[in-house]
Amino acid sequence: MKFLKNITKENLPVHIAIIMDGNGRWAKKKGNKRIFGHKNGVKAVKQTVEAAGEAGIKYLTLYAFSSENWNRPKIEVDALMTLLISAVKNETENLMNSNVRVKAIGNISALPESVTENLNQIINKTKNNTGLTLILALSYSARNEITNAVKQIASEIVSGKIKPETINENTISDRLYTHNIPDPELLIRTSGEYRLSNFLLWQISYTELYFTDTLWPDFKKEDLFKAIYDFQQRERRFGKTSEQIKAKN
Ligand code: IPE
Ligand code: IPE
Ligand code: MG
């Protein structure tokens with residue numbers, strides 16, 4: 001089945017988030033080093049960004065490096081950082097031509113200067129683009145993000161800027177890295193792992209989850225279209241009954 005043809009424009013997820021997992025296992029299966037998997041993972045990223053644009057998705061968040069990933073062997077961390085720099089450099093023109101706006105979320109200041117420099121360049125250069133918004137989660141930890149929001153709220157209370165009784169869900173959302181980005185409707189994780197690994201914990205409270213055994217370097221345009229198609233077959237009830245949802249249509 002050709003999934004793109006069967007996707008309806010009316011019911012598209014505005015925001016898709018992806019936990020890109022399985023690079024290491026993909027390389028191992030081929031008798032190669034883990035970094036070979038990461039290099040091929042970049043190719044899958046290109047495919048996915050293109051596919052998201054073709055499908056009319058507005059926001060795509062890619063989990064590229066978690067705070068916990070700093071604990072990997074130094075040689076792998078260094079290789080990932082180098083890869084990130086080259087991907088950003090090599091793709092800037094392409095992303096400009098495709099009208100993609102790049103953003104980053106996470107503890108960006110923890111990244112090496114060479115990474116932040118290149119990252120800031122692409123963010124600045126693409127900031128007025130009006131097509132897909134591509135959000136890279138780098139040195140990202142959802143618990144850290146929420147903890148920082150709590151700290152900020154606490155200091156705003158101390159300084160008298162806000163009152164405890166006025167705190168609501170928006171007070172928290174507005175202080176997350178994702179403050180001007182809608183919550184994802186669809187979260188995809190590749191490689192057959194069924195966990196969230198500290199990703200967007202606040203933002204995914206009602207997100208549809210989609211798991212696939214495909215290892216990230218094998219993820220192709222059709223895989224994204226398939227996930228969107230699968231999403232469109234679901235009934236999102238938000239606590240209501242199926243009858244209530246159907247009565248509205
Ligand atoms: C995902 O692939 C990429 C990053 C976490 C940077 P992995 O490197 O986690 O691959 P596996 O899970 O070991 O196969
Ligand atoms: C999650 O993948 C982080 C990224 C995809 C960047 P991991 O491979 O690091 O997750 P765990 O440690 O297996 O949960
Ligand atoms: Mg992994």
Side-chain angles (χ1 to χ4, degrees), residues 15-49 51-52 59-91 102-112 114-116 118-119 134-147 176-178 181 184 186-204 207 209-220 223-224 227:
H15 183 178
I16 299 178
I18 308 183
I19 303 175
M20 311 183 288
D21 199 10
N23 294 352
R25 278 163 285 166
W26 184 89
K28 199 176 171 190
K29 262 183 27 185
K30 294 192 152 33
N32 262 301
K33 296 211 170 90
R34 294 179 57 81
I35 190 65
F36 181 67
H38 296 315
K39 281 187 182 146
N40 281 276
V42 176
K43 292 183 189 163
V45 169
K46 283 178 69 171
Q47 290 269 312
T48 306
V49 171
Y59 296 87
L60 176 69
T61 299
L62 301 178
Y63 203 5
F65 193 83
S66 71
S67 294
E68 290 76 17
N69 288 148
W70 289 117
N71 298 319
R72 290 195 179 189
K74 186 175 182 309
I75 188 161
E76 181 169 347
V77 172
D78 289 349
L80 280 167
M81 293 302 143
T82 306
L83 203 54
L84 192 58
I85 295 170
S86 63
V88 164
K89 278 188 183 160
N90 296 338
E91 290 310 312
V102 179
K103 281 176 175 272
I105 57 171
N107 184 12
I108 302 304
S109 60
L111 296 165
S114 49
V115 174
T116 43
N118 283 285
L119 198 59
L134 171 64
I135 302 144
L136 302 173
L138 295 165
S139 190
Y140 178 86
S141 148
R143 284 196 168 185
N144 187 254
E145 178 182 37
I146 295 167
T147 307
L176 301 177
Y177 297 127
T178 50
I181 300 163
L186 174 62
L187 171 73
I188 299 169
R189 183 169 191 150
T190 58
S191 87
E193 305 290 1
Y194 300 88
R195 56 177 174 268
L196 298 172
S197 304
N198 205 2
F199 192 42
L200 301 175
L201 298 182
W202 172 274
Q203 296 87 342
I204 59 170
T207 300
L209 308 180
Y210 179 89
F211 297 99
T212 169
D213 286 339
T214 302
L215 300 172
W216 179 251
D218 287 330
F219 197 84
K220 298 279 165 339
D223 293 285
L224 186 79

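In this text, all values refer to a predicted model and were calculated from it rather than measured experimentally. For ligands, and for the atoms within them, numbers begin at 1 and follow the listed sequence.
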**Q** Can you name the nearest heavy-atom pair linking L196 to I19, along with the distance?
**A** O-CD1, 3.7 Å

**Q** Cation-pi check for W26 against K28: NZ or CZ below 6.0 Å from the six-membered ring centre and within 45 degrees of the axis, yes or no?
**A** no

**Q** Decide whether an N or O pair under 3.5 Å exists between G24 and ligand 1.
**A** yes

**Q** Angle class for the F199/Y140 ring planes (parallel below 30°, perpendicular above 60°, tilted otherwise)?
**A** perpendicular

**Q** With respect to W216, which candidate in I18, D21, D223, N40 satisfies the side chain to side chain contact (heavy atoms under 4.5 Å, CB included) definition?
**A** I18

**Q** Pick, from K28, R34, R72, M20, the option with the minimum heavy-atom distance to atom 13 (O) of ligand 1.
**A** R34

**Q** Taking atom CD1 of I75 as the centre, report whether more than 12 heavy atoms of other residues, nucleotides or ligands fall under 6.0 Å from it.
**A** no

**Q** Do any non-hydrogen protein atoms sit less than 4.0 Å from atom 11 (P) of ligand 2?
**A** yes

**Q** Checking contacts here: is it the side chain or the backbone of F199 that comes within 4.0 Å of ligand 2, counting heavy atoms only? Could be both or neither.
**A** neither

**Q** Only heavy atoms of R195, strictly under 4.0 Å: list the atoms of ligand 2 that pass.
**A** 11 (P), 13 (O), 14 (O)

**Q** What are the atoms of ligand 2, with element, lying closer than 4.0 Å to any heavy atom of F65?
**A** 6 (C)

**Q** Between the Mg ion (ligand 3) and D21, which N, O or S atom of the residue is the nearest one?
**A** OD1

**Q** Provide the closest heavy-atom pair for N144 versus S141 in the form atom of the first, atom of the second, distance.
**A** N-OG, 3.0 Å

**Q** Answer yes or no: is there an ion pair linking E193 with R25, defined by an N-O contact shorter than 4.0 Å?
**A** yes

**Q** Does S191 have a heavy atom less than 4.0 Å from any atom of ligand 1?
**A** no

**Q** Considering only protein heavy atoms, which is closest to atom 2 (O) of ligand 2, and at what distance to one decimal place?
**A** R189 NH2, 3.7 Å

**Q** Relative to each other, are the rings of W70 and F65 parallel, tilted or perpendicular (30° and 60° limits)?
**A** perpendicular

**Q** Show me which atoms of ligand 1 lie under 4.0 Å from any heavy atom of H38.
**A** 3 (C), 8 (O)

**Q** Please work out whether any backbone atom (N, CA, C, O) or any side-chain heavy atom from C-beta onward of N69 is under 4.0 Å from ligand 1, and answer side chain, backbone, both or neither.
**A** side chain

**Q** Just to confirm my output: which protein heavy-atom neighbour is closest to atom 8 (O) of ligand 2, and how far is it?
**A** D21 OD1, 3.2 Å

**Q** I'd like to know whether ligand 2 has E68 as a neighbour, heavy-atom separation below 4.0 Å.
**A** no

**Q** Could you report the tightest heavy-atom contact between F219 and T214, atom names first, then the distance?
**A** N-CG2, 3.9 Å

**Q** Hey, which atoms in ligand 1 end up nearer than 4.0 Å to a heavy atom of A64?
**A** 6 (C)

